[in-house]
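Below, chain A is the first sequence line, B the second, and so on; all start at residue 1.
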Number of protein chains: 2
Amino acid sequence: MMEQKIDELLKKNHLSITGGRRKILELFLQQDGALSHSDIERRAGEKFDRVTVYRTLQTFLEKGLIHSIPTSDNSIRYALCKDDCSGGQHHDDHVHFICNACGTTVCLEGVTVPSIALPDGYVTEQVEMLISGVCKSCNH
Amino acid sequence: MMEQKIDELLKKNHLSITGGRRKILELFLQQDGALSHSDIERRAGEKFDRVTVYRTLQTFLEKGLIHSIPTSDNSIRYALCKDDCSGGQHHDDHVHFICNACGTTVCLEGVTVPSIALPDGYVTEQVEMLISGVCKSCNH
DNA sequence: ACCACAATTGCAACAGAGTTGCAATTATTA
DNA sequence: TAATAATTGCAACTCTGTTGCAATTGTGGT
Ligand SMILES: [Mn+2]
Ligand SMILES: [Mn+2]
Ligand SMILES: [Zn+2]
Ligand SMILES: [Zn+2]
């Protein structure tokens, strides 16, 4: 049962269980790809205020339930984290893929970001790798 | 003389020479790192309308004079392209670095983006690599 | 140097995205 | 079930980005 899974996820992250959080988490679990703020607003229907969506995403980010994916068109996407990202510590070192045909953004969990040697004096804290092209489904 | 260089750059890209374009190009040439829209608006002073800045950046992008850099905080930065990017064809395969301390974004021209093998069915068209951390100057 | 034409600009008006304070509602714990 | 703390919705606001249109400016040819 998905409902049970949702409540467990919220409890595990020390979040109180509310309708809005349940609904947004459900959207992520039903979904293969990443979601933008407006995706969520649209699919959550008229049931929740815009502000609640903003605050919920912010909370989920801080708790390490989701991570954000920067895109070239200035519209951040969000995707579920793996289990070991709790507590605000993210360990997502996978590549993100954006399809130029259908627009979907997915986490390529199997493709890890290679480590890069930077010039002297630069210290790496986080690496984002974003690949755009044509996705599996759009390649007929 | 910088003024001469600016006009040549505009002519080479088949753009008419106007005050706004001159000023914005000057900002990029005076600058080591990348600039956001609001950086430009601020530094260009009250001299130009917001809309002109948007349209000028758009034009520069299309002509291959500048390229855009996606960031995690939803604020696109822009940086000058190398000479071989004219005509809307970009050949920037370098890594971008954002300093968490001072906030500046720079093109690491010497660091090329490694090629990545994607799962079957995915076709790569463009790769963005964005590293955040502490930059050279902030590492005292 | 001037003119005609095309391109660029500023302005106004608008749409969308994101933020904040506050009061009402709801969840948690005892 | 009641007390307390957290979450939510609402209103108001700011900031960002877009569009149409008329005024201005740049360009190339005379
Ligand atoms: Mn991901
Ligand atoms: Mn660059
Ligand atoms: Zn696709
Ligand atoms: Zn720095």
List the atom pairs, with distances to 0.1 Å, where a side-chain N or O of residues 52-59 of chain A and a protein N or O form a donor-acceptor pair under 3.5 Å, not counting sequence neighbours.
residue: A/Thr56; atom: OG1; partner: A/Thr52; partner atom: O; Å: 2.7
residue: A/Gln58; atom: NE2; partner: A/Glu62; partner atom: OE2; Å: 3.2
residue: A/Thr59; atom: OG1; partner: A/Arg55; partner atom: O; Å: 2.8

## Note on the structure
Reading nucleotides 6-17 of chain C from 5' to 3' and marking B where a protein heavy atom lies under 4.0 Å of the base, S where only the sugar-phosphate is that close, and - otherwise, the string is --SBBBB----S

### Query
Separation of A/Arg22 atom CZ from C/dA27 atom C1', in whole Å?
11 Å

Do any side-chain atoms of residues 97-112 of chain B form donor-acceptor pairs under 3.5 angstrom with protein atoms, and if so which ones, sequence neighbours left out?
residue: B/Asn100; atom: ND2; partner: A/Glu125; partner atom: OE1; Å: 2.6
residue: B/Thr105; atom: OG1; partner: B/Arg77; partner atom: NH1; Å: 3.1

### Query
D/dG28 C1' sits how many Å from B/Ile17 CD1, rounded?
14 Å

### Degree of bending in the helix from C/dA1-D/dT30 to C/dA30-D/dT1 once both end axes are built from five pairs, to 10°
40°

#### Entry: Qualifying residues under side chain to side chain donor-acceptor pair (under 3.5 Å), relative to B/Glu128, sequence neighbours excluded
none

### Query
Tell me: CG of A/Asn13 to P of C/dT28, nearest whole Å?
14 Å

### Message
Applying salt bridge (charged side-chain N to carboxylate O under 4.0 Å, His left out), can you list everything that pairs with B/Arg22, at least two apart in sequence or on another chain?
### Response
B/Asp7

#### Entry: Taking every non-hydrogen atom, the tightest pair across B/Leu29 and B/Leu80
CD2-CD1, 3.6 Å

### Task
Could you list all the side chain to side chain donor-acceptor pair (under 3.5 Å) pairs where at least one residue sits in residues 26-36 of chain A, not counting sequence neighbours?
A/Glu26-A/Gln30, A/Gln31-A/Arg43, A/Ser36-A/Ser38, A/Ser36-A/Asp39

### Query
A/Ile40 CD1 to C/dG18 C1': how many Å, rounded?
14 Å

Side-chain donor-acceptor pairs of residues 131-139 of chain A under 3.5 Å, sequence neighbours excluded:
residue: A/Asn139; atom: ND2; partner: B/Gly121; partner atom: O; Å: 2.6

### Task
Could I get the full list of side chain to side chain donor-acceptor pair (under 3.5 Å) partners for B/Asp73, not counting sequence neighbours?
B/Thr71, B/Ser75

